[in-house]
Amino acid sequence: MIAQIQKNPWRLLLAINAAVIVGVFVHKIQLPPYVPYIHLLVDYHFGFIKRALIGAIVALFTDKVPVWLVFALGGATWLVTLGLYARLFQKTFGFTARTLPLFVFIAGSPFFLKNFMHTLGHFDIYGCALAIILLLMPAGSLLFVAMAALFSIVLVLIHHIHLLMYVPTIIAIVVIRHYLAYSVTKTNVAFGLVALLGVSALFFAAQFLGTMPIPEADFVAYLKTRMADPARTDLLQFAYIWYQPLAKEVSDTWGRLPHNILGVPVFALLIWLHTPLWRYFAGVIGALANDLNRRLVIAALIGISLAYLVMFAMVFDYSRWISNWAVCLFLILHAVKMLPAKYNAPLIASEDRKTNIFGLILTLIPRVGIVRPF
């Protein structure tokens, strides 16, 4: 039995991943839900402001927001994302003994579902979930492009940083699944460009015009009226972020850089531990039947990475950014796999000792974190 597990440990690793996720959830509910909670309080009561869509939706259903709603809403979103990704993996690769190592390297990555559990209540996972829906949708009509634009608008209204975090991935999915897989016409190109301009204009409006128009003390007083327990003033300590200009965010990020940059070797190690997955991804790109498709996919990966590089220079939640960057690459792998190929790239070897060790290490890492590693 032990020899069989050593030879093919992937089912065991999947079970360990499930146990680790439960442990991360138990740990998470013991932590104060600072920023995720205040996002449920802020709405459009004082006009158009940034980071207010989720709170505005919550306000439609309840006047008072309990703390437990952070975990209920975040947990439900996490479960939906898990279900969507399982369906996507089944559609793209299928669940077999041969594809199980690939599933463990992606779904069991500390960058992905485990880190989304650690950041429960934050807005990152919404971009991932909507991108997965686009990967599951039929992509042959302009409705697909319109849905991508709608999803991008929703994400920017949730938090304008999504323009750098998940909108580039959504654009890449649209290009790969609609324009490359079907056809490029004047109509769909014009439609796509207008949609892109609209999303970009919304971002600038949120960034530069979406500042809270009243004094911070009045804003905090209003938030207390939305709290189920107004005595929990510790949960309002991040109200200043609705007043902080971009220059201050950049200044804070660069001020913390000498300390936060110490985490880069850890991020590099985590990326290296995914080597079997990256090798497979490179094989899928190399197997594409069309050279133009191959070049455009590589350009998309560079573009997504550059967007995250800009984000690194602006906001200091480095562990979240590197995790979401990896998730974006995981999703692009699915999109690329949908393009015509000359042959099927070899899957991750299920009996390779080094691969098994890498899979075990990634399985045992519970999450990457929010600002600094772990």
Side-chain angles (χ1 to χ4, degrees), residues 10-11 13-14 17-18 21 76-109 111-114 116 125-148 150-152 155 166 168-183 274 276-290 293-294 296-297 300-301 304 324 326-348 350 359:
W10 300 102
R11 286 188 176 85
L13 294 184
L14 198 59
N17 268 301
I21 287 172
T77 305
W78 189 93
L79 288 172
V80 168
T81 303
L82 170 63
L84 287 171
Y85 184 72
R87 177 68 186 93
L88 176 63
F89 190 90
Q90 181 185 41
K91 176 184 175 182
T92 309
F93 302 105
F95 285 106
T96 66
R98 295 182 65 246
T99 61
L100 190 55
L102 179 63
F103 185 74
V104 170
F105 267 93
I106 297 177
S109 168
F111 289 136
F112 192 11
L113 295 169
K114 289 185 286 193
F116 279 147
I125 194 169
Y126 294 103
C128 175
L130 293 179
I132 293 174
I133 292 173
L134 285 176
L135 288 166
L136 290 169
M137 286 179 57
S141 70
L142 277 179
L143 176 62
F144 178 73
V145 183
M147 288 301 296
L150 176 61
F151 287 173
S152 298
L155 290 175
Y166 275 98
T169 297
I170 288 175
I171 293 171
I173 290 171
V174 170
V175 170
I176 292 171
R177 294 207 60 216
H178 179 74
Y179 292 100
L180 296 186
Y182 291 94
S183 62
H274 289 75
L277 174 59
W278 307 136
R279 188 178 296 119
Y280 173 67
F281 197 172
V284 171
I285 296 174
L288 291 176
N290 188 301
N293 288 359
R294 189 180 304 111
L296 288 175
V297 166
L301 295 176
I304 290 169
N324 282 283
V327 171
C328 288
L329 299 194
F330 299 162
L331 299 183
I332 294 299
L333 168 61
H334 284 272
V336 175
K337 196 68 175 63
M338 297 175 190
L339 290 172
K342 295 178 290 187
Y343 57 87
N344 288 323
L347 287 164
I348 295 175
S350 61

Can you give me every donor-acceptor pair (side chain of residues 79-87, partner residue at least two apart or in another chain, under 3.5 Å) with its distance?
| residue | atom | partner | partner atom | Å |
| --- | --- | --- | --- | --- |
| T81 | OG1 | T77 | O | 2.8 |
| Y85 | OH | H334 | NE2 | 2.8 |

*asked:* Quick check on side chain to side chain contact (heavy atoms under 4.5 Å, CB included): which of I176, V175, V284 does V297 satisfy it with?
replied: I176
*asked:* Applying ring pair (Phe, Tyr, Trp, His ring centres under 6.0 Å), can you list everything that pairs with F95, at least two apart in sequence or on another chain?
replied: F89, F103
For residues 135-146, please give each side-chain donor-acceptor pair under 3.5 Å, one per line with the distance, not counting sequence neighbours.
| residue | atom | partner | partner atom | Å |
| --- | --- | --- | --- | --- |
| S141 | OG | L143 | N | 3.3 |

_P276: side-chain contact (heavy atoms from CB on, under 4.5 Å) partners, not counting sequence neighbours_ = F105, I348, T355, F358
*Contacts of type side-chain hydrogen bond (donor to acceptor under 3.5 Å, both in side chains), residue T96, not counting sequence neighbours*: T99
*asked:* If I take atom NZ from residue K337 and atom CD1 from residue I285, how far apart are they, to the nearest 0.5 angstrom?
replied: 12.5 Å
*Considering residues at least two apart in sequence or located in another chain, which fulfil the side-chain contact (heavy atoms from CB on, under 4.5 Å) criterion with N324?*
F116, D124, M165, Y166, Y308, R320
*Looking only at atom types and distance, does a side-chain atom of W10 sit under 3.5 Å from a main-chain N or O of A97, one as donor and one as acceptor?*
no
*Measuring from I304:CD1 to I332:CD1, what's the distance to the nearest 0.5 Å?*
4.0 Å
_Contacts of T169 that satisfy side-chain hydrogen bond (donor to acceptor under 3.5 Å, both in side chains) - sequence neighbours left out_ = none
_Can you give me the closest heavy-atom contact between G359 and L13, atom names plus distance?_
C-CD1, 3.8 Å
*Taking salt bridge (charged side-chain N to carboxylate O under 4.0 Å, His left out) as the test, write out the residues that go with R11, two or more places apart.*
none
*Short question: side chain of K114, backbone of G108 - any donor-acceptor pair under 3.5 Å?*
yes
_For the student: nearest non-hydrogen atoms of L347 and R98, plus distance_ = CD1-NH1, 3.6 Å
*asked:* The criterion is side-chain contact (heavy atoms from CB on, under 4.5 Å); which residues satisfy it with L329, sequence neighbours excluded?
replied: W278, F281, L301, W325
*For residues C128 and V327, report the shortest heavy-atom separation together with the two atoms involved.*
SG-CG1, 3.8 Å
*Please list, chain by chain and in numerical order, all residues satisfying ring pair (Phe, Tyr, Trp, His ring centres under 6.0 Å) with H178, sequence neighbours excluded.*
none
*Provide the closest heavy-atom pair for A131 versus I170 in the form atom of the first, atom of the second, distance.*
CB-CG1, 4.4 Å
*Between CG of L333 and SG of C328, what distance do you get to the nearest 0.5 Å?*
13.0 Å
*Mind checking the CG-CG spacing from L180 to N293? Nearest 0.5 Å is all I need.*
4.5 Å
*asked:* Nearest 0.5 Å, please: how far is CG in L155 from OH in Y126?
replied: 11.0 Å
_Testing the basics here: between S350 and P101, what is the closest heavy-atom pair and its distance to 0.1 Å?_
CB-CG, 3.7 Å
*Which heavy atom in F112 sits nearest to a heavy atom in I106, and how many Å separate them?*
CD2-O, 3.3 Å
*Hey, could you give me the CD1/CG distance between I171 and L134, rounded to the nearest 0.5 Å?*
11.5 Å
